[in-house]
J.: 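First, the structure itself, so that you have it in front of you.
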Amino acid sequence: MRVELQGIAISPGIALGNVVLLDRTKMIVERIRVEDNVIEREKERFLGAVNRSKNQLLSIKENLDHGDTGEHLDILNFSIMMLEDELLSQEVLDFIGAEQVNAEWAINSVLTKKSETFKKVEDVYMKERLADFYYLGERILRNLHGVHDEISYLTAESVLIAHDLSAVDVVSYAKHHVIGIVTDIGAFTSHSAIVAKSLGIPTVMGLEDITARVTPGDTIFIDGFKGTVILNPDKNELKKFKKRRTDYIKLEKQLLKYAKLRGKTLDDVEISVNANIEIIEELDLARSYGAEGIGMYRTEFLFTNSVYFPDEDEQYENYQKVVSALDSPIVTIRTLDIGGDKFPVGMEPSKRLNPALGLRGIRFSLQEQDMFRKQIRAILRSSAENKIRILIPMISKLSEVLDTKKIIEEIAEELGTGNTWEIGVMIETPSAAIIASDISEEVDFLSIGTNDLIQYTLAVDRINEHVSYLYTPFHPAILRLIAGVVDAAHKNSIPVSVCGEMASQLSCVPLLVGMGVDELSMNIHSIPKVKKLLNTITEKDSKEILENALKLKTEFDIRTYVRKVIVQRWGDDFPAEFVEEIVTSV
Ligand code: PEP
Ligand code: MG
């Protein structure tokens, strides 16, 4: 049956494909005592699940792109090897017999014991396998329960439907070439949304109950520009959608031409256009989409992707790749911003009511100093000819800046690093924005995290689709706060970047240019269009637009004014799709 639904447009693009429904119910493993006459049946269930798991992994391996190597293949090979390990299987079979327990309990106990041994090993390769162990265990358990494994169903036509997805999920499904994502919950600046955008996967979120409406294999059309989703479209619609998809592919190619532009306005004011990255696999994309620097590396995904915290050497190797990826003086590594909606695999999300107001970012790092010192050592060791920029998230008071500086200075002295680093602070809490002048006296640069600044200033949860209608960068409080931060930084002669999603929203760019922002850092896919816009507008006109906008008192009036004036003044110089985005987005 044809159904048309409206959600929140997250990541632009068009996808037409088949539904793959992600079942994310957590496997709960209970110990069940089994009678003598059931033991053989449990052993057979276990062997059957191992067999199914192995076949699924072999089929994933077969479907990998030719020439796909590296980490992904390592994980597959390791998992297949474990499933073929007769000694391991025998251990589980013996456990079932000796303890008289169900297969689930046996496999869980044996794998837990094995992973404990892995944890103690110094070898980095073996440590990396710990996360793989966790996923392997989950896979066998799901197969024991007859729950389908979605990854083995993914093809180049698959649109993933899920209740919710973590940013880590998005990264791993992207590797399996899903062509679109649709979820029940989530909003524009949730981290899964940001990652989907960065990886260029058309995505619509906040549909409430899409998981209950679809059947695996349904045809689905998603429009990531408008947030529309159509299930089982009719024949005529299918034709139209195919055309829209072809047009979109053409537009992407055209956009890539703008990647080569320099980040500057028509009247020659330089504003560097940098990339936000989440995983190092994005570095090639950052280069080809014209990133002029790395404005923010969200290192937490290095931590949340794994069941253990990576050690100093592992981090060092990872950061070095970021440092050497672009020929640019701007390489900004943000220290761990765990908490909020980002947690390591296997670590229980906070049961507290307000995780966004809890132990997040620098608060966590200052409490977990061993871990933090390791990260700082790894960052400082990786700095090369250019100064590395260390960016501190979630600052809400000056003493956090001073404490962090002290730690960095101590480590720099230990390492004899000298003057090879700069320290910057994320301005993403209202308190930090208000004391930006005091913070500026202590640091080398500021970076405004509008995703959180909007959430905390307007008291609107950034991941809650029910209040996303209240989430806006055009609120006068937001514009006044940002303008104040830019002035405070400039009075102290330090540069300011904006690294929240606002930097990539076309109708916000003239406002930020008018404020005098020095750098814009954004999801990779937005870089070419922002460069094109910058090359079309002037600083002089942007200042005037800002001045007029700041006189207005409601977000509605500001948004309406800004859109109208941009389209009137520069509309003829934009491709039609830009004008559409300016008129319809945020
Ligand atoms: C922000 O808050 O704007 C930001 C860039 O950080 P994150 O989105 O990772 O919280
Ligand atoms: Mg933030």
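Everything quoted here is computed from the prediction, not taken from an experiment. Order of listing sets the numbers, starting from 1, for every ligand and every atom in it. Only this structure's heavy atoms are used, side chains among them; waters, hydrogens and symmetry mates stay out.
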J.: Are Thr189 and ligand 1 in contact, using a heavy-atom cut-off of under 4.0 Å?
T.: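 In this structure, Thr189 fails to qualify as a contact of ligand 1 - no heavy atom is under 4.0 Å.
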J.: Tell me the nearest of Arg298, Met394, Gln455 to atom 9 (O) of ligand 1, using heavy-atom distances.
T.: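 The nearest heavy atom belongs to Arg298.
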J.: Report, in ascending order of atom number, the atoms of ligand 1 lying under 4.0 Å from any heavy atom of Asp452.
T.: 1 (C), 2 (O), 3 (O), 10 (O)
J.: Do the rings of Tyr248 and Phe225 sit parallel, tilted or perpendicular, given the 30° and 60° boundaries?
T.: perpendicular
J.: Going by heavy-atom distance to atom 3 (O) of ligand 1, choose the closest among Thr429, Ile427, Asn451.
T.: Asn451
J.: With Ile390, which of Thr335, Thr332, Ile333 fulfils side chain to side chain contact (heavy atoms under 4.5 Å, CB included)?
T.: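 Filter result, single survivor: Thr335.
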J.: Would you call Glu410-Lys406 a salt bridge at under 4.0 Å N-O?
T.: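 Salt bridge between Glu410 and Lys406, a charged N being under 4.0 Å from a carboxylate O: yes.
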J.: For Met426, counting its heavy atoms only, list the atoms of ligand 1 lying under 4.0 Å from any of them.
T.: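 So the atoms of ligand 1 that pass are 4 (C), 5 (C), 6 (O).
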J.: Using a 4.0 Å cut-off to any heavy atom of Ile194, which atoms of ligand 1 qualify?
T.: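 Answer, ordered by atom number: 8 (O).
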J.: Verify the distance criterion only: is there a donor paired with an acceptor across the side chains of Tyr319 and Gln375 at less than 3.5 Å?
T.: yes
J.: Which atoms of ligand 1 sit under 4.0 Å from any heavy atom of Cys499?
T.: 5 (C)
J.: Could you walk me through whether Gln455 and Glu428 pass side-chain contact (heavy atoms from CB on, under 4.5 Å), step by step?
T.: CA-CA 9 Å; Gln455 147 164 280; Glu428 49 186 351; over 6 Å; no
J.: Which of the listed options, His191, Arg334, Glu300, holds the heavy atom that is closest to atom 6 (O) of ligand 1?
T.: Arg334
J.: Any carboxylate oxygen within less than 4.0 angstrom of a Lys/Arg side-chain nitrogen, looking at Glu317 and Lys321?
T.: no
J.: Any heavy atom of Met502 sitting closer than 4.0 Å to ligand 1?
T.: no
J.: Below 4.0 Å from ligand 1: does a non-hydrogen atom of Glu501 turn up there or not?
T.: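 Distance cut 4.0 Å: Glu501 fails for ligand 1.
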J.: Which ligand 1 atoms, with their elements, are less than 4.0 angstrom from a heavy-atom of Met296?
T.: 5 (C)
J.: Can the positive tip of Lys197 be found less than 6.0 Å from the middle of the six-membered ring of Phe188, inside 45° of the ring normal?
T.: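 The answer is yes; both the distance and angle limits are met.
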J.: At less than 4.0 angstrom from any non-hydrogen atom of Gly449, what atoms of ligand 1 do you find?
T.: 1 (C), 2 (O), 3 (O)
J.: Just jot down the ligand 1 atoms closer than 4.0 angstrom to any heavy atom of Arg360, in number order.
T.: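 What qualifies from ligand 1 is 10 (O).
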J.: Examine ligand 1 and decide if any of its atoms is less than 4.0 Å from a heavy atom belonging to Arg462.
T.: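 Yes.
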J.: Consider side chain to side chain contact (heavy atoms under 4.5 Å, CB included). Of Ile411, Thr404, Asp403, which one does Ile407 pass it with?
T.: Ile411
J.: Is the closest side-chain donor-acceptor distance between Glu312 and Tyr316 under 3.5 Å?
T.: no
J.: Assess Asp452: does it contribute an N, O or S atom lying under 2.8 Å from the Mg ion (ligand 2)?
T.: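 Short answer: yes, at least one N, O or S atom is under the cut-off.
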J.: For Ser396 and Thr429, which I'm curious about, is there any donor-acceptor pair between the side chains at under 3.5 Å?
T.: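 The answer is no; no qualifying pair exists.
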J.: Of all the N, O or S atoms in Glu428, which one sits nearest to the Mg ion (ligand 2)?
T.: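 Within Glu428, restricted to N, O or S, the Mg ion (ligand 2) is closest to atom OE1.
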